[in-house]
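Report on one structure; see the data block that follows.
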There are 2 protein chains.
Amino acid sequence: MQLRRHDVLSGAIAILDEYGLGDLTMRRLGAALGVQAGALYWHFPNKQSLLAAITDEMLAPVTVEPAAAAAAAWDERLRTLARRMRDGLLAHRDGAEVATASYAARLASDAPRHAMADAFAEGGLPVQEAAMAARALFSFILGQTMDEQSRMQMDSHGALDPSDSPLFESPSAADYFEYGLGLFTDGVRSRLSGRL
Amino acid sequence: MQLRRHDVLSGAIAILDEYGLGDLTMRRLGAALGVQAGALYWHFPNKQSLLAAITDEMLAPVTVEPAAAAAAAWDERLRTLARRMRDGLLAHRDGAEVATASYAARLASDAPRHAMADAFAEGGLPVQEAAMAARALFSFILGQTMDEQSRMQMDSHGALDPSDSPLFESPSAADYFEYGLGLFTDGVRSRLSGRL
DNA sequence: ACCTGAACACCGTTCAAGT
DNA sequence: ACCTGAACACCGTTCAAGT
């Protein structure tokens, strides 16, 4: 049976989830798929593009906008987008690290950030400002989630202090995220009210 | 003449500035210093620790606090800290990428982020909230600067569109940064006024 | 104490040649 | 069109042995 681009992508995600980014090598992926490493280059021009495809896959839920979310107020809509992004990254081992690398290489889709810019603009921000706010929020989400995920890694197989019960995730990680998110929306709100 | 830890560090920074992170290998660094790659492991346990030392060096200016800055209002002080951090990262090729990797590995100093938390607390935020705000701001700075720097890289030896004159840096990069920064301080201000 | 020499166990990527 | 086999040009890290 012949290998398809999608098989390579889902095989890569499977290795990522089970062994992490450090073990996601072209040779290993080839072996898991029953082909030589070189065969993968028929489907993807290089490893970076493969990682970018993983990123787009992880963040696809951000831009599927059900009618309910679109009808909500701009700040609630932004919260939804931000949470979906965080959830998408947390759903896969080293997800935030993969996404950070992909965006640094400018290979991943801009659709998630554009959706955020649209939400800011809908709130009343001029398009230029909405783009800047979206950029800032996007950076925050990526950085915060990467931080959170690297801490999860350390807790899972490292020296975890028994201060509180870390099941799989630090209990305050979500709080940190929500707080930062609130800071953004409050900042935007104060700019909107200053303009009225 | 014998190699010192500091020589390894400054040699690494020199390679980083001239050739970038991709060319900063232990072998190449050894060659530049006139030793074998293995010799470097006498001074640093691994490459990650070396990169973390570079990060600490780049961000050292953030925590040298002249009296003038300490006397300023909390928001002005935070702007100063944030700008110093961005400047420190931009001062070296791939600086933001090195710092991101170091913080993801949890090897770089927390002093810069603590300085920001202190400034937030001085503004009137409860210590727990100040810590969260500092974390969010720190993520934003790292992400935004990495974005900016990766774009500089593309402009310098890539397809640069002649929309405006990109000398070394996109002209709006600083504006993006200041806008995001303002969003944070406005967000905090709105929370402070809500408490009074 | 500090460094060499040499190895170990890998990488991503390319490409003629096969089917 | 899709993949193999094999190579190219590297990596980070370790460690006995030297000085």
Side-chain angles (χ1 to χ4, degrees), chain A residues 1-16 18-55 93-94 97-102 104-108 150 153 157, chain B residues 1-16 18-55 93-94 97-102 104-108 150 153 157:
Chain A
M1 60 208 99
Q2 204 168 257
L3 206 57
R4 296 179 175 284
R5 190 191 140 98
H6 176 264
D7 300 327
V8 177
L9 179 53
S10 63
I13 291 176
I15 292 181
L16 190 70
E18 198 159 359
Y19 305 102
L21 182 56
D23 285 337
L24 176 49
T25 68
M26 298 304 266
R27 288 164 199 273
R28 183 155 189 166
L29 177 54
L33 295 170
V35 297
Q36 296 281 31
L40 303 174
Y41 289 84
W42 183 263
H43 301 92
F44 288 92
N46 48 50
K47 190 180 178 180
Q48 281 202 321
S49 300
L50 174 57
L51 293 181
I54 295 175
T55 299
R93 168 116 83 121
D94 297 331
E97 196 177 344
V98 170
T100 298
S102 298
R106 250 155 248 293
L107 290 171
S150 85
Q153 209 85 346
H157 55 80
Chain B
M1 59 207 101
Q2 204 167 259
L3 206 58
R4 295 176 176 287
R5 190 191 140 98
H6 176 263
D7 300 327
V8 177
L9 179 54
S10 61
I13 292 176
I15 291 180
L16 190 69
E18 199 159 359
Y19 306 102
L21 181 56
D23 284 336
L24 176 50
T25 68
M26 299 304 265
R27 288 162 200 272
R28 183 157 188 165
L29 177 54
L33 295 169
V35 297
Q36 296 280 29
L40 303 174
Y41 289 83
W42 184 263
H43 299 94
F44 287 91
N46 48 49
K47 190 181 178 182
Q48 281 202 320
S49 299
L50 174 57
L51 293 181
I54 296 176
T55 299
R93 168 117 81 123
D94 297 330
E97 196 177 344
V98 170
T100 297
S102 298
R106 251 155 246 291
L107 290 171
S150 85
Q153 210 84 346
H157 55 79

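A note on names: the letters A, B, ... follow the listed sequences, proteins ahead of strands, and every chain is numbered from 1. Computation of the quantities below employed the complete heavy-atom set of this structure, encompassing side-chain atoms and omitting hydrogens, waters and symmetry-equivalent molecules.
One can place CH2 of A:Trp42 at 13 Å from P of D:dT4, the figure rounded to the nearest angstrom. Rounded to whole angstrom, the span from the CE atom of A:Met26 across to the P atom of D:dC3 amounts to 13 Å. Atom P of nucleotide D:dT13 and atom OH of B:Tyr41 are separated by 3 Å, given to the nearest angstrom. Residue B:Arg27 contributes atom CZ, which lies 13 Å from atom P of C:dA7 at whole-angstrom precision. The separation between A:Leu40 atom CG and C:dT14 atom P is 13 Å, rounded to whole Å. Following rounding to the nearest Å, B:Gln48 (CD) and D:dC11 (C1') show an atom-to-atom distance of 15 Å. Spacing between atom CD of B:Gln36 and atom C1' of D:dT14 amounts to 14 Å, rounded to whole angstrom units. Atoms OH (A:Tyr19) and C1' (C:dC11) sit 19 Å apart, rounded to a whole Å.
Picking from D:dC3, D:dG12, C:dT13 the nucleotide with the shortest atom distance to the side chain of A:Leu3 gives D:dC3.
Between C:dA9 and D:dA9, the two P atoms lie 23 Å apart (nearest whole Å). Here, D:dC11 and C:dC8 have their C1' atoms 12 Å apart, quoted to the whole Å.
Side-chain atoms of A:Leu24 and A:Leu51, non-hydrogen and from C-beta on, do get closer than 4.5 Å to each other. Residues A:Asp94 and A:Gln153 have side chains in contact (heavy-atom distance under 4.5 Å, counting atoms from C-beta outward). With a 4.5 Å cut-off on side-chain heavy atoms, A:Leu40 and A:Leu50 do not count as touching.
Nearest heavy-atom pair across A:Leu29 and A:Ile15 is CA-CD1, 3.6 Å.
As judged by a 4.0 angstrom heavy-atom cut-off over every strand, A:Gln2 is placed among residues touching the sugar-phosphate backbone only.
Other residues, nucleotides and ligands contribute only 12 or fewer heavy atoms inside 6.0 Å of the OH atom of B:Tyr19.
Nucleotide D:dC11 forms no Watson-Crick or G-U wobble pair with any nucleotide shown, as no partner meets the under 3.5 Å limit on both distances. Pair assignment for C:dA16 gives D:dT4, based on Watson-Crick or G-U wobble hydrogen-bonding distances that are each under 3.5 Å.
Side-chain nitrogen and oxygen atoms of A:His43 include none within less than 4.0 Å of the OP1 or OP2 phosphate oxygen of D:dA1.
Mapped onto DNA chain C by nearest heavy atom, A:Ala39 and A:Leu24 fall at different nucleotides, with A:Leu24 at the one closer to the 5' end. With DNA chain C read from its 5' end, the first of the two nearest nucleotides for A:Pro45 and A:Asp23 is the one closest to A:Asp23.
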